[in-house]
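Each chain gets a letter, A, B and so on, in the order its sequence line appears, and its residues count up from 1. Atoms considered below: every heavy atom in the structure, side chains included; atoms not considered: hydrogens, waters and symmetry mates.
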Amino acid sequence: MPGNRLYLSDKQREGPRMNAAIVASNLSKKFGQFTAVNGISFEIGQGECFGFLGPNGAGKTTTVRMIHCVSPVSSGTINVFGETAGLENRKIKAMTGVIPQEINLDSGLTVAENLLVFSRFFDIPGNEAKKKVAELLAFVELEAKKNSRIDELSTGMKRRLLVARALLNKPRLIIADEPTTGLDPQARHLIWQRLRLLASQGTTLILTTQYMEEAEQLCNRLVVMDEGRILKHGSPRQLVSDEIGKEVVEIRIDKAQDEMLINLAAGCSCGHERAGDTLYFYCSEGHDLVKKVIDLGLPNVRNRPATLEDVFLKLTGRSLIE
Amino acid sequence: MNLSYRIFYVLVRNIISYKRFILPTFAVSLGQPLFYLVTFGIGMGAYMGYVGGKPYLNFLVPGVLISSVMLSSTFECLYDTFVKMVHERLYDSLIATPVSAEDVVAGDIAWGAFRGLLSGVLMLVVALFMGVHPASVASALLIVAIMAFVGVLFSSLAMIVTSFAPNFDFFNYYTELIITPMLFFSGVFFPLDKFPQWLKVFALFLPLTHAVNISRAVFSGEAVPGLWWSLLILVVMEAAAFVIGIRLMKRRLIT
C-alpha cells in the first residue's frame, strides 16, 4: 500500500539499503591453534552505529582490530570504504579514528602535545593541527588541562582525551573499543553524547561493549558474538522482542519449585530458564503470570521490562565466563 | 619493508618527549664513559705512557667516544623501547595511524642513534677540555658521522634483543654478557696485538672492534691496517641488524 506509513515492515523501517561502509565476508582470525574469530560475515552501512556485543574473549576486539588494520586477517576479506584491509592499510588507517580499550596516551607528552604529535602522524600541517587541537580540547572539555601531564588526569579525562585523539583526522569511521570502561556515570554520559553527536553528523561508528545500556543508547544495529561467532544480529529493540518478548518475571526460589511454577505458567505463553538461584520467565506480557504467582505469596518476585541484557545472557549463557 | 618518511615523525615525537628528561639523561650518558676516561686515561695512562708513539689518552679517546655511542644507543633501544612498547602501549597507538610498524621501529632506531650521537658529542667536548682533539675539522665532522652510523648499528642490535625480551631482567644477559665484555675485547682500552691469535680472531667478530678501528683512524687522520675491511664489515652488520631488528619487532607488534 504505497503512501501508508503505518504498516512498515522491518526491512522498510531500516530505510533503503545504505551504502556499505564496511563489508566483511567469511572473516577468520587464528592465533596458532586458537581460533579467535571463526568465519563471520557482516555489513555496516555508512552513518550507522554498529555494535559488537559479547563476553570477554568473544572475538569483538580481534574483529575490530582487523577492521582498522592493526591485525592481519587469517582468512576472508574486509573492505572499508572500498579499500581492502591488508592491501591499503595506510589509506584505511588515515580515515579511521580509534578509541582504544586500553589507555595508551603518550605519557612523555602533555595533553596538547599528545594531540599535536598525533596529528603529525596523519600528515596534518602544523597550523591546521593547532586549530584542530584547540577545537577538540573544547569538544571534550579539556581546555583547562591542555598543559597537564597525562599522569595528572583522572581516568575520565584520559578517556575523553582518547576520544579527542581519535577525531584529529576527521575520520569517516570511528572505532570505539569499550570506550567507557571504568568511568563514572557523568563521564560515561559525556562520552555517549559526543559519540551520538558524531554519528548524527554522518560518521560511521563501530562500538564494542559489555555494557548493554551503552549498546541500547548508541547502536542502530548490533551483533552478539560468542566464541568467535556471531550468534544473532538486529536492532536492539528487535533482538529483545525476538529473543525475550516484552517482559521478564524473575522468581528467586529453590529449584525444587520449578516444576510447579512452570505448570502454573502454562497458560501464560512464557518461555522459562533457570540460572543459579533464579527462575526467569520471558513473556510477551507478564501480568497474568504475576497475578498467579502473587497468590502463592512468594517473597522474591520481580516483573520488569525485557532488556538487551536478557538477550545477551540468554544467548551467551548466564554462567560465569572466565 | 613498509618504510616511509613517517620515520621522521616518530623521531620528532621522541625529541619532544625528551625535553623533560634531557638533564638527567645527560648525566647518565656522561657517567660511565667519563669514568673510563678519567680512570683509564689519567690513572692508568700514567703507567701506559705512549701507545703507537702518542700519549695514551690520544689512543683511548676515539675508543671511548664510540663506546659511549654504543652504550647510549643500546640502553635507549632496550629499556626505553621496552617501556614504550609494553608498559605504555605507545606503539599500539602509533600503528593505528598511517605510521606503519616498520616506521615506528625505524623511527626508534633513528632516535637511539641520535641519543648515542649526543653522548658521543658530549664526550668529544670533554676530550677537548682534556686537551685531546681530532686531527682536523674534517676528521671531527667525519667522527660525528661515524658516531651516527655506529648508533644505528647498536640500536638495531638492541631492537633484536628487545623483540624477544619477556621483561627487564632479560636485558641483563645482553648488557652483562655481550655489551660489557665487548668493551674489553674490542681494543678500546689497549691494543689487541698482545692478545693470542684466537682472541684476535674472536675480536674480529665484534662490531665494536671495527667501529673503534675506524674511529681511531679518522680521529688521528692516519690510516690503520684493515680500515676498509672494518668499514665493509660494519656496513654489512648494520644492514643485517636493521632489517632483522625491524622484522622481529614487527612480529611482536602486529599479531
Is the count of non-hydrogen atoms from other residues, nucleotides or ligands lying under 6.0 Å from [X] atom [atom1] greater than 12?
X: A:Arg196; atom1: CZ; value: yes
X: A:Arg229; atom1: CZ; value: no
X: B:Phe168; atom1: CZ; value: yes
X: B:Phe184; atom1: CZ; value: yes
X: B:Phe35; atom1: CZ; value: no
X: A:Gln101; atom1: CD; value: yes
X: A:Asp151; atom1: CG; value: yes
X: B:Phe129; atom1: CZ; value: no

Name the region of [X], side chain, backbone, both or neither, that has any atom closer than 4.5 Å to a heavy atom of chain B.
X: A:Val70; value: both
X: A:Thr62; value: neither
X: A:Lys91; value: neither

Flag side-chain contact, heavy atom, 4.5 Å: B:Arg13 against A:Phe121: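 Answer yes - side chains close enough.
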A:Leu109 side chain near B:Ile16 side chain, heavy-atom distance below 4.5 Å: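 Result yes, sub-4.5 Å side-chain heavy-atom pair found.
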Residue pair A:Arg120 / B:Tyr9: nearest heavy atoms and the distance that separates them: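 Closest heavy-atom pair between A:Arg120 and B:Tyr9: O-CE1, 3.0 Å.
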Least distance between heavy atoms, B:Leu3 atom then A:Arg90 atom: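 Residues B:Leu3 and A:Arg90, closest heavy atoms: C-NH2, 4.1 Å.
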Using non-hydrogen atoms and a limit below 4.5 Å, what part of [range] faces chain A?
range: residues 244-255 of chain B; answer: B:Ile254, B:Thr255
range: residues 74-94 of chain B; answer: B:Glu88, B:Arg89, B:Leu90, B:Asp92, B:Ser93, B:Leu94
range: residues 119-127 of chain B; answer: none

Stepwise side-chain contact (heavy atoms from CB on, under 4.5 Å) check, B:Arg6 with A:Asp123: CA-CA 9 Å; B:Arg6 295 173 183 86; A:Asp123 291 315; 3.5 Å; yes
Salt bridge (charged side-chain N to carboxylate O under 4.0 Å, His left out) partners for B:Asp169, two or more places apart: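 Listed in chain order: nothing, the list is empty.
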Test: B:Lys19 and A:Glu113 ion pair at under 4.0 Å: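 Result for this pair is yes, salt bridge flagged.
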Separation between OG of B:Ser17 and CG of A:Asp106, rounded to the nearest 0.5 Å: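 So the gap between those two atoms works out to 6.0 Å.
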Part of B:Asn14 lying under 4.5 Å from any heavy atom of chain A: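 It is neither, since no heavy atom gets under 4.5 Å.
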